[in-house]
Amino acid sequence: YIKPSGNATVVEKAHETVDEDAKMRRQVVEYALQFVGGRYQYGGVDPNKGVDCSGFTRYVLGKAASINLPHSSTAVTEDQMQPGDLLFYAGGGGINHVALYIGNGEVVHASTEKTGIKTSPYDYRKPVKIVSLLS
């Protein structure tokens, strides 16, 4: 107990805890979104010069979260996905595209040479696999 002097009053402030996992995911999403409008380039690995989908996600996760994409990950369902998770799409007999989930049902991805880096609804195509690397 602290007894205030004179007309002073004591105000107790609530201690706020920060969810570090959510904070990292938000940082990854914010970092990725700065490249929206960037150029698509097949085989590209730098969004400042042009990237394809895998080059884009690898670059963003490496720079924003210091994650080198591993050969293994944790699969999650659509109900479990969180910002920063990767969504894989298939066509022509195998996985042919990857995007980064940004929340609110949307992904950011290096789409095509015509559209470049953009956001889309996560289910603009049916994802065949969703993985989490940030948990």
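What you are looking at is a predicted structure, and each value in this text was computed from that prediction instead of being measured.
- Counting heavy atoms from C-beta outward, L86 and L100 have side chains that approach closer than 4.5 Å.
- In this view, R26 and E30 satisfy the salt bridge (charged side-chain N to carboxylate O under 4.0 Å, His left out) rule, not counting sequence neighbours.
- For K23, there are no salt bridge (charged side-chain N to carboxylate O under 4.0 Å, His left out) partners, not counting sequence neighbours.
- With sequence neighbours excluded, no residue forms a salt bridge (charged side-chain N to carboxylate O under 4.0 Å, His left out) with E113.
- Rounded to the nearest 0.5 angstrom, F88 CZ and T57 OG1 are separated by 6.5 Å.
- Applying the side-chain hydrogen bond (donor to acceptor under 3.5 Å, both in side chains) criterion to S54, with sequence neighbours excluded, gives D52.
- In this structure, V98 is a member of the same hydrophobic cluster as F56, with clusters built from ILVMFWY side-chain heavy atoms closer than 4.5 Å.
- Closest of all the heavy-atom pairs between I117 and P47 is CD1-CB, 4.0 Å.
- Here the CG atom belonging to L133 is positioned 7.5 Å from the CG atom belonging to D85, to the nearest 0.5 angstrom.
- Shown here are the ring pair (Phe, Tyr, Trp, His ring centres under 6.0 Å) partners of Y31, two or more places apart in sequence or in another chain: F35.
- Here D123 pairs with nothing under the side-chain hydrogen bond (donor to acceptor under 3.5 Å, both in side chains) rule; sequence neighbours left out.
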Please report, to 0.1 Å, the donor-acceptor pairs under 3.5 Å made by any side chain of residues 103-110, with sequence neighbours excluded.
| from | atom 1 | to | atom 2 | distance (Å) |
| --- | --- | --- | --- | --- |
| H109 | ND1 | H97 | NE2 | 2.9 |
| H109 | NE2 | S120 | OG | 2.8 |

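- The hydrophobic cluster containing V29 does not contain M81, counting ILVMFWY residues as joined when their side-chain heavy atoms lie under 4.5 angstrom apart, directly or transitively.
- For T77, the side chain to side chain contact (heavy atoms under 4.5 Å, CB included) partners two or more places apart in sequence, or in a different chain, are D79, Q80.
- The two residues I102 and T119 make their nearest non-hydrogen contact at CD1-CG2, 4.0 Å.
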In residues 36-45, what donor-acceptor pairs under 3.5 Å come from side-chain atoms, sequence neighbours left out?
| from | atom 1 | to | atom 2 | distance (Å) |
| --- | --- | --- | --- | --- |
| R39 | NH2 | Q41 | OE1 | 3.3 |
| R39 | NH2 | K49 | O | 3.3 |

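- Shortest non-hydrogen contact noted between S132 and R25 is OG-NH2, 3.1 Å.
- Checked against side chain to side chain contact (heavy atoms under 4.5 Å, CB included), A65 has the following partners two or more places apart in sequence or in another chain: M24, V28, I67, L134.
- Every residue two or more places apart in sequence or in another chain that forms a side-chain hydrogen bond (donor to acceptor under 3.5 Å, both in side chains) with T115 is listed here: S111, T112.
- Side-chain contact check for E78 versus P127: some heavy-atom pair is nearer than 4.5 Å.
- Across every non-hydrogen atom of Y122 and Y89, the tightest pair is O-OH, 2.6 Å.
- Between G84 and L61 the shortest heavy-atom distance is O-CD2, 4.3 Å.
- The hydrophobic cluster containing Y124 also contains I130, counting ILVMFWY residues as joined when their side-chain heavy atoms lie under 4.5 angstrom apart, directly or transitively.
- Scored by the side-chain hydrogen bond (donor to acceptor under 3.5 Å, both in side chains) test, Y101 finds no partners at all (sequence neighbours excluded).
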